[in-house]
2 protein chains.
Amino acid sequence: MNVSSKPERTRLSAEDWELAALHLIAEQGVGALAVEALARQLGVTKGSFYWHFRTREALLNAALERWEQYGEREVLGQIEQIADPRKRLPELFRRVAHELQPHRVYAALLKALDHPQVVPVMARVSQRRMEFLTTAYREAGLPAQQALNRARLTYAAYVGFLQLNFTLGLPRINHEEFDAYVEHMIATLIPA
Amino acid sequence: MNVSSKPERTRLSAEDWELAALHLIAEQGVGALAVEALARQLGVTKGSFYWHFRTREALLNAALERWEQYGEREVLGQIEQIADPRKRLPELFRRVAHELQPHRVYAALLKALDHPQVVPVMARVSQRRMEFLTTAYREAGLPAQQALNRARLTYAAYVGFLQLNFTLGLPRINHEEFDAYVEHMIATLIPA
DNA sequence: GGCAATCCATACTCTTCCGTATGGTTTCTG
DNA sequence: CAGAAACCATACGGAAGAGTATGGATTGCC
């Protein structure tokens with residue numbers, strides 16, 4: 001039995017630290033990102049950390065950049081391959097709704113918008129996603145101005161939902177009820 | 001010239017500390033709530049604080065309770081006096097949109113959902129507001145299930161908007177554009 | 001196998017912040 | 001006006017966490 005459940009790599013790389021940092025952020029938020037805590041969790045001491053990174057901020061920045069670039073090809077990459085623009089938005093909604101796992105980091109970062117390091121990252125990511133939504137709404141038939149506002153509304157609903165049902169544990173909505181909610185969203189937000 | 005701009009009250013009460021705490025939370029978040037910092041800001045030292053409160057947690061709890069009860073009579077109290085149920089929702093949207101000042105504490109608390117003390121408060125407040133929205137939608141003509149989902153969607157959009165345009169500084173939407181967005185929300189979310 | 005680069009442990013320092021102890025000062029009250 | 005209660009300052013102790021210094025261990029490479 002080992003302390004952590006990791007398969008006991010004898011030596012660590014910078015990537016290992018970054019991934020562990022993202023994992024910890026998803027679980028306990030950016031505020032909980034302490035180097036000694038991370039080191040314990042990885043089965044080493046601070047001595048290791050300060051070889052790979054110059055400071056704690058450096059680790060956070062590296063982890064954020066890694067997360068940003070991963071999300072770029074993964075989250076948006078898939079969806080862009082749905083040919084029919086009319087099918088694209090409902091499909092997007094349903095997919096996002098049913099894999100809330102990758103959104104944990106995003107939810108954690110939403111709560112860390114006071115840390116100056118995360119603001120630019122979140123600004124870029126949110127901006128790109130909103131632009132994606134905007135063009136999707138235009139392709140679905142909305143005029144430019146309406147498409148933009150609908151994208152704002154949609155993305156705000158997404159962000160708010162993360163906060164309310166993910167972080168906060170609001171009246172724990174169950175599975176069927178949740179599906180009904182998603183379909184209600186689709187019916188309300190996507191033009192027929 | 002004084003250190004802070006406060007009118008130099010010679011002695012302080014518990015209420016003074018609670019109000020100062022809320023102010024600080026609105027400005028810099030819950031994490032910045034430190035007793036020595038607050039004391040400096042009030043022109044006294046820790047000695048004063050620990051006469052009024054047993055601990056830092058006690059201050060936070062007191063401040064949260066004060067905020068919760070204030071919001072209860074202020075935010076919801078006014079709106080309930082709008083007679084026509086059909087006019088009520090659009091009016092609510094427009095009012096909320098144009099006094100974002102009282103929402104700063106709420107936005108700050110959204111980012112503090114990892115602190116166990118704020119979770120129950122936010123759960124209660126959000127729950128009450130959602131119930132209010134749900135009955136408003138029913139009075140506007142929606143059947144029960146749809147009213148509930150529409151309330152969820154609306155409130156999520158509200159919360160998300162706070163995060164995106166308040167905390168994060170997303171493409172600084174200007175005044176006219178913002179009004180157009182609010183009207184778009186009304187047209188999209190409120191049944192004709 | 002031995003040398004150099006890489007990786008890590010140990011043992012510090014420094015800062016920040018919570019909380020306590022204790023005595024002083026102001027204000028209220030009889 | 002005197003004593004008590006309310007309020008505050010100063011000076012500690014202690015925990016937590018960032019960063020540094022330095023030497024030991026491990027690995028790749030010739």
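Each chain gets a letter, A, B and so on, in the order its sequence line appears, and its residues count up from 1.
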Listing, residues 49-59 of chain B side-chain donor-acceptor contacts under 3.5 Å, not counting sequence neighbours, or none:
| residue | atom | partner | partner atom | Å |
| --- | --- | --- | --- | --- |
| B:His52 | NE2 | B:Leu12 | O | 3.1 |
| B:Thr55 | OG1 | B:Glu57 | N | 3.4 |
| B:Arg56 | NH1 | B:Leu33 | O | 2.4 |

Check your understanding: With the threshold set at 4.0 Å, does a side-chain nitrogen-carboxylate oxygen contact exist between A:Arg152 and B:Glu177?
Key -> yes
Exercise for review: Take the protein atom CG of A:Leu12 and the nucleotide atom P of C:dC7, then report the distance between them rounded to whole Å.
Suggested key: 9 Å
Review point. Rounding to a whole Å, what distance do you find between B:Gln41:CD and C:dC17:P?
Key: 14 Å
Practice item. Enter the distance from B:Gln145:CD to B:Arg138:CZ here, rounded to the nearest 0.5 Å. Key: 10.5 Å
Between protein and nucleotides 27-30 of chain D, what N or O pairs are separated by less than 3.5 Å?
| residue | atom | partner | partner atom | Å |
| --- | --- | --- | --- | --- |
| D:dT27 | O4' | A:Arg11 | NH1 | 3.1 |

Review point. Is the backbone of B:Val121 close enough, under 3.5 Å, to the side chain of B:Glu68 for a donor and an acceptor to pair up by distance?
Key: no
Review point. Tell me the ring-ring contact (aromatic ring centres under 6.0 Å, His included) pairs involving residues 101-124 of chain A, sequence neighbours left out?
Key: A:His103-A:Tyr158, A:Tyr106-A:Tyr158
Check your understanding: Please give, in whole Å, the distance from C:dC7 P to A:Trp17 CH2?
Key -> 13 Å
Review point. Should A:His52 be listed as having a side-chain N or O under 4.0 Å from OP1 or OP2 of C:dC8?
Key: yes
Expected rows: protein N/O vs nucleotides 18-20 of chain D N/O, under 3.5 Å:
| residue | atom | partner | partner atom | Å |
| --- | --- | --- | --- | --- |
| D:dA18 | OP2 | A:Val35 | N | 3.3 |
| D:dA18 | N7 | A:Lys46 | NZ | 3.4 |
| D:dG19 | OP1 | A:Thr55 | OG1 | 2.9 |
| D:dG19 | OP2 | A:Tyr50 | OH | 3.3 |
| D:dG19 | OP2 | A:Thr55 | OG1 | 3.0 |
| D:dG19 | OP2 | A:Arg56 | N | 3.0 |
| D:dG19 | N7 | A:Lys46 | NZ | 2.7 |
| D:dG19 | O6 | A:Lys46 | NZ | 2.2 |

Point to revise | Rounded interatomic separation in angstrom, taking CZ from B:Arg40 and C1' from C:dC18 | key: 13 Å
Review point. A:Leu42 CG to C:dA9 P: how many Å, rounded?
Key: 11 Å
Check your understanding: Are any side-chain N or O atoms of A:Arg104 and backbone N or O atoms of A:Glu27, one a donor and one an acceptor, separated by less than 3.5 Å?
Key -> no
Check your understanding: Sub-3.5 Å donor-acceptor pair from the side chain of B:Asn165 to the main-chain atoms of B:Leu162, do we have one?
Key -> no
Point to revise | Distance in angstrom units between B:Leu24 CG and C:dC17 P, rounded | key: 12 Å
Review point. Can any side-chain N or O of B:Thr135 pair as donor or acceptor with the backbone N or O of B:Phe132 at less than 3.5 Å?
Key: yes
**Study point:** Overall bend - the helix from C:dG19-D:dC12 to C:dG30-D:dC1, comparing terminal axes fitted on five pairs, nearest 10 degrees
**Key:** 10°
**Study point:** Atom-pair distance (CZ on B:Phe53; P on C:dT20), nearest Å
**Key:** 15 Å
Review point. Distance-only, no hydrogens or angles: does the B:Arg150 side chain make a donor-acceptor pair with backbone N or O of B:Leu189 under 3.5 Å?
Key: yes
Point to revise | Pairing residues for B:Asp114 by the side chain to side chain contact (heavy atoms under 4.5 Å, CB included) criterion, not counting sequence neighbours | key: A:Lys111
Exercise for review: Can you spot which of A:Tyr181, A:Phe93, A:Tyr155, A:Phe166 makes a ring pair (Phe, Tyr, Trp, His ring centres under 6.0 Å) with A:Phe161?
Suggested key: A:Tyr181
